[in-house]
**Student:** 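Here it is: the structure, laid out below.
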Amino acid sequence: NNNTETNGGVLRIAYFPNIGHAIPVVGIEMGMFASDLANSTVIEPKMFDSGPQVIESLFAKSIDLGYVGPGPAINGFLKSENHNVVILSGAASGGASFIVHPNSVINSVDDFEGKRIAAPQIGNSQDISLRNYLSENQLKPYEKGGSVIILNIPNPDIYTLFAKGDLDAAWVPEPWATILVQDLNGKRLFFEEELWPEGKFASVLLIGRQEYITENPEIVTKFLESHQQTANWINENPKETRIIFNEFMQKTMGQSLSDSVIDEALANLEITTDSNESSIITFAKRADSLDYLGREGYSLDGIFFDIASNESFEENNKQ
Amino acid sequence: MNKITLAKKIAFYIILVILWQTISMSDIWPNNIFPSPYEVGEDLAYMASDGSLFFGIGTTILRLIVGLAIAIAGGIVLGVLMARIETINQTIGSLVLGLQSIPSIAWVPLAILWFGLTDTGIIFVTAIGAMFAVTINTYTGIKNIDPHYVEAARNMGAKGTQLITSVLLPAAFPYMISGFKQGWAFAWRGVIGAELLFSFLGLGFLLNVGRQLNDVSQVIAIMLVIMLIGMAVDGFIFKKIENKVMSRWGLR
Amino acid sequence: MNKITLAKKIAFYIILVILWQTISMSDIWPNNIFPSPYEVGEDLAYMASDGSLFFGIGTTILRLIVGLAIAIAGGIVLGVLMARIETINQTIGSLVLGLQSIPSIAWVPLAILWFGLTDTGIIFVTAIGAMFAVTINTYTGIKNIDPHYVEAARNMGAKGTQLITSVLLPAAFPYMISGFKQGWAFAWRGVIGAELLFSFLGLGFLLNVGRQLNDVSQVIAIMLVIMLIGMAVDGFIFKKIENKVMSRWGLR
Amino acid sequence: MTKLETKGIVKFFKHDSHNLMALGGVDLEVEDGDFVCLVGPSGCGKSTFLRIIAGLEKPDEGEVIFDGKPVTTTGPERIMVFQEGALFPWLKVQDNVEFGLKMAGIPKEKRSQISKRYLDMMQLTKFADSFTFQLSTGMKQRVAIARALVMDPDVLLMDEPFAALDAQTRDLLLVEMQLIWEKTKKTILFVTHNVAEAAVLGTKVAVFSNRPSKIKKQIPVNFKRPRLAEDENLTGLQQEILAELRPEVKKSQ
Amino acid sequence: MTKLETKGIVKFFKHDSHNLMALGGVDLEVEDGDFVCLVGPSGCGKSTFLRIIAGLEKPDEGEVIFDGKPVTTTGPERIMVFQEGALFPWLKVQDNVEFGLKMAGIPKEKRSQISKRYLDMMQLTKFADSFTFQLSTGMKQRVAIARALVMDPDVLLMDEPFAALDAQTRDLLLVEMQLIWEKTKKTILFVTHNVAEAAVLGTKVAVFSNRPSKIKKQIPVNFKRPRLAEDENLTGLQQEILAELRPEVKKSQ
Ligand SMILES: Nc1ncnc2c1ncn2[C@@H]1O[C@H](COP(=O)(O)OP(=O)(O)OP(=O)(O)O)[C@@H](O)[C@H]1O
Ligand SMILES: Nc1ncnc2c1ncn2[C@@H]1O[C@H](COP(=O)(O)OP(=O)(O)OP(=O)(O)O)[C@@H](O)[C@H]1O
Ligand SMILES: [Mg+2]
Ligand SMILES: [Mg+2]
């Protein structure tokens, strides 16, 4: 039944087993999503471990909504037919840090020359931030003739290489940043939000297929309400959130994180439904300057799906 | 296998495990990079007891069987067509050689785009990695048939489909088996690779989970399982078929 | 290849491209899932013009060559030892069959652990995926040598290393070639897979970039390159060696 | 009555640089019930000639006339016994013998009835369920002959069927072959490079010249049967055949 | 002078269910310069006997005595010519012939000097650079003999070297073999199943009994050389050998 066509009675949601995705994790584990949508829709959760895969699945219509970072969200919008992939809401802000290896001497950007610095996959938010940060400081990556070696690798591999001492630093999201600090004595040089206006930038977004959204305004409206309420609940109950998250990890991955890691990681990010549009526009500019958005130029017109002004939702609101 | 051989084998594996344990207990590598056999065993036992291991094995094997069946059926048809119709050989044949050299893992991104994160996608990757090996071996097998067989059959009135099913396929069978064997090897690699990248149930998924959690002992545990299944398929299924064919052909 | 065959081939590929273009222009699949050949060509041209394509190809081929060389050297030594010393065959031999059935992609997590994000890690994955195929074929080749060759050689005074280098290896060569061929196929799959997961330069990396940026036409462009290189290696290097050996052995 | 006739059969083969004229116009007339032995230097085209008659190869010139009509394809009335036997290793002996019947769509029961008769005739009944590799070379040859006889062809084309046998087995089959011929009254064309064999078996021995080959001489053989290989009466005939053959073999070297 | 002697050679082979006694105590004395032809029913153990003398197989009982000393391993003084030739397909003709010399560490120049002589003797000089598949069966056999002679062995062990040849080539080699033997004065043990061959070549013909085999009879041959296969003088001798052989072959069937 996990086929490619939309089924009115089922809502397929993609998310990662990751602390930044606290809203879907809690919403699904606590049954909030399910109870808020109870009489109309079955929630079908789908777990992923990278943004591009979520986008691929949206393209293939095997999911309806998904939680991803701004990098994949922008990519998805631009690469989809008729801009079918759009941003519905925010899910988290902040929560990435620059961690330096204990044996490495990096005290500021002046020490970056010749260092090996890791970030997750190409085109991911931390990757964009890192590369932009370098160019703002007149540094170039190795493959562009510079001296800073950027290694784009999945977070778990960053951990491994960090442990082995193969890396000088890493630009990673939570909870990996905290894990590197607590487990491996990494030094947090700075929080990424320090580089943003008001110390805020969108780090997790709720996106969806426009097609699905306009065909199912009722479901989407209800889901967005549930999404908002879950966010509120999390902010009011950080301790319970930690317990739920850990039980979830134990159940799905067979392992859990230490309480102190989760607490610190949660404290380092903000669970919010604000999609911080200006930070997304900045991300897109930066991605474009890195050649990530294709050669024909880009436009973000319509990336933020506006429920208030959409016809199908207007009708829905009237009813 | 006589007793001495068996004893040697057992001794060898015991020594291997002891060596492994010794190295892991010494402090050459930290434990999270080089786990001990005990930890690996523990992980295996845990996965077995909560059922996730067997569910993973079952899922992978099911996908493998479906994918391999498609690959074998498609490969035989394509191979026969190439061997019998020169134009097909000259056109599609040249493409097959190229497609054969695309690692099946390279199909994963396309498979996700085309089929989504579904069983179909994984089966597609599995089948496409194996199909061309079967095709090429079927083709070679038919081309290498002793022409006397074909002439004798034609002389005795065999034609068309009859010729293919009664003479060409059985005569090419020893070659085709090595095609199946190669196909299985590629399919096995393909299914694990696809599961690892799709991260969607199965042994490859368990491998990926171990990796995501930096749990080297789970990684090694799953590798052992993969290895044992591979050995079992090679040693039981293929060895048996090969022996049977070889002895029927009088080669053994 | 005569003119008609060539014409057929060219016509076939032209038709294929036209068909592809037609399908992509029709609205069966959206363009982001099924790009047109024109877009793919554009991507290739772009990657060629900024040099990243050739740098990628060079990197991958270099790793392949080193990995394959290690696999062949190691495989031959191990194969000879297994064929000559029964105890090694009974112990390590049984392990080799198992290791052979571990998809090389499954080694990636361990390779990252042990070697870090280095060329060494990728070469390790490449070599280990290919080595056991060479081993098994060398072993089989030596075991299948016409015993008369060995007896004649012993009778004329060949012993020890001389026997191995002057008789066993040349006599087993036709088998070993198919081992090399299989080894190359596995190594090629291994190096691309490793690069894709390591995401550290090379063609596999470019494939991964295309994937991360949801750029299907780059994915297909790289697949075409992978396919062409594979065809070239199969068609030039191996076909040549095979023809040479076959004709020297009087089989063609 | 003329059963089979070849008229001016010419056959070229392409070799790397040149065209080789293997057959240079072969004329042969075979009466119904004849047992014609064909001898000639190695490489002169004897096998090619048989293959053309069987319809497995097309002549470049000339034609094969069977029962007064020209034939160009294979047909169940002209069945070939190959030098190597060409038995199918994936079939049991009985299934090998029944192969042609199966292709003709004859039902299983009928098939096994027919094959039983010929397995019997060839003293192979005990081995009906064996695979071919389990047979000695002589037995394999007998299966190949049974497989051909089962088709009940008018003409049997045999290409050095005894070449690979040791002396004892060959002597045995030489006798059997004559019995079969007498029993079945088939027309037989039999290629051999063994002059004694030709003298023992044939009602007629046709000697091929060297390439481009023609039929140089036809020698009738009229001794009473069964003839044996050791038969001293045949020595003179053998000498006569050899005298024709020797200069051709010389030319071919 | 006795060059080679075997005393009570016994050899068993394991078959699935039982032990097969192939050789049942073979005693043979060979004088220096003898040309001994060994004949016997198929499967009686002739090849095994040669292989034991060559040191390629160990007897279960008995011993091989060479120049008065027992030998148990291979040695350059006892060289075997295999039935199939066993030429190395990866080497050119000349390299095949020089193989034993190379193994002995003789330098290249010296090697090619020696091999040239034997290639000449075997009329193979023109083919020194050919690969073995480019040779006819007869030529291959000559290369195998040259490869053995190059080692300058005291004893040459030949296992049906002419079995695969056609009649013409065989006749030629029968003459050459006698010339080689006269030129080189080697001691030769020659296995054949062809009685005529044995009569033409040997100074002595040893007939094996059926399994468990012994030497049943030794027949000296004293006709003048070169003898030819057609030689009518030899007919009587052939009959004598056959008379010894026939009952053994019967038993073996
Ligand atoms: N398919 C072929 N391609 C090229 N030349 C061929 C082919 N078949 C036969 N010839 C050539 O035709 C000639 C006759 O071959 P054929 O096999 O008919 O000889 P033959 O008389 O049966 O010889 P033999 O007694 O050795 O079996 C030979 O010189 C051979 O080289
Ligand atoms: N390696 C072996 N294993 C088992 N049995 C063997 C082996 N080698 C030979 N024999 C048996 O020993 C007997 C003698 O074999 P050998 O090859 O010496 O016979 P031969 O006299 O040379 O026969 P032929 O004339 O057919 O060559 C045969 O019955 C054979 O089955
Ligand atoms: Mg012929
Ligand atoms: Mg023998």
Side-chain angles (χ1 to χ4, degrees), chain B residues 1 5 8-9 11-13 16 29 32-34 86-87 90-92 94-95 97-110 112-114 129 133 182 185-186 188-193 196-197 204 207-208 210-211 214 216 219-220 222-224 226-231 233-235, chain C residues 1 5 8-9 11-13 16 29 32-34 86-87 90-92 94-95 97-110 112-114 129 133 182 185-186 188-193 196-197 204 207-208 210-211 214 216 219-220 222-224 226-231 233-235:
Chain B
M1 193 153 53
T5 317
K8 266 192 211 162
K9 243 181 210 172
F12 171 71
Y13 284 103
L16 214 63
W29 287 295
N32 57 347
I33 293 195
F34 198 92
E86 193 46 58
T87 304
Q90 283 160 3
T91 54
I92 299 181
S94 67
L95 197 62
L97 217 64
L99 290 173
Q100 153 74 353
S101 54
I102 295 184
S104 56
I105 204 170
W107 289 102
V108 170
L110 284 186
I112 292 182
L113 279 173
W114 291 344
Q182 229 173 299
F186 287 136
W188 185 232
R189 281 159 175 69
V191 75
I192 301 280
L196 207 153
L197 289 185
L207 203 63
N208 197 32
R211 189 175 166 223
N214 292 105
V216 190
V219 169
I220 294 182
I222 297 295
M223 284 179 73
L224 280 180
I226 292 175
M227 176 166 152
L228 287 176
I229 295 177
M231 272 166 99
V233 172
D234 262 337
Chain C
M1 194 154 52
T5 318
K8 266 193 213 162
K9 242 180 211 173
F12 171 71
Y13 283 103
L16 214 63
W29 287 294
N32 58 343
I33 292 195
F34 200 92
E86 194 42 35
T87 303
Q90 284 160 2
T91 55
I92 298 181
S94 67
L95 197 61
L97 217 64
L99 291 172
Q100 153 75 352
S101 53
I102 296 184
S104 56
I105 205 172
W107 289 103
V108 169
L110 283 187
I112 291 180
L113 275 176
W114 291 342
Q182 230 173 300
F186 287 136
W188 186 232
R189 279 157 176 71
V191 74
I192 301 281
L196 207 153
L197 288 185
L207 201 64
N208 197 32
R211 192 182 166 214
N214 296 106
V216 190
V219 168
I220 293 183
I222 297 294
M223 282 179 74
L224 281 178
I226 291 175
M227 177 167 151
L228 287 175
I229 294 176
M231 273 166 98
V233 172
D234 261 338

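Naming convention: chains lettered A, B, ... in sequence-line order (proteins, then strands); numbering from 1 in each chain.
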**Student:** Would you mind checking which part of C:I220 comes under 4.5 Å of any heavy atom in chain B, side chain (CB onward), backbone (N, CA, C, O), both or neither?
**Tutor:** side chain
**Student:** Could you report the tightest heavy-atom contact between C:M227 and B:S101, atom names first, then the distance?
**Tutor:** O-OG, 3.6 Å
**Student:** Under a 4.5 Å heavy-atom cut-off, does chain C meet the side chain of B:L99, its backbone, both or neither?
**Tutor:** both
**Student:** Using side-chain heavy atoms (C-beta onward) and a distance below 4.5 Å, is B:L207 in contact with C:I105?
**Tutor:** no
**Student:** What part of B:I102 lies closer than 4.5 angstrom to a heavy atom of chain C: side chain, backbone, both or neither?
**Tutor:** both
**Student:** Give me the atom names and distance for the closest heavy-atom approach of C:R189 to B:G129.
**Tutor:** NH2-O, 4.5 Å
**Student:** What residue, out of C:I92, C:V108, C:D234, has the most heavy-atom pairs lying under 4.5 Å from chain B?
**Tutor:** C:I92
**Student:** Taking all heavy atoms of B:Y13 and all of C:T91, pick out the closest pair and write down the distance.
**Tutor:** OH-O, 4.2 Å
**Student:** Side chain from CB out, backbone as N, CA, C, O: work out which of these in C:L224 comes under 4.5 Å of a heavy atom of chain B, or both, or neither.
**Tutor:** neither
**Student:** Given that the side chain runs from C-beta out, which part of C:Q100 has a heavy atom under 4.5 Å from chain B: side chain, backbone, both or neither?
**Tutor:** both
**Student:** Determine the minimum heavy-atom distance between B:A185 and C:F186, stating which atoms define it.
**Tutor:** CB-CZ, 4.1 Å
**Student:** Can you tell which part of B:I229 gets under 4.5 Å to a heavy atom of chain C, answering side chain, backbone, both or neither?
**Tutor:** neither
**Student:** Do C:L16 and B:L95 have side-chain heavy atoms sitting under 4.5 Å apart?
**Tutor:** yes
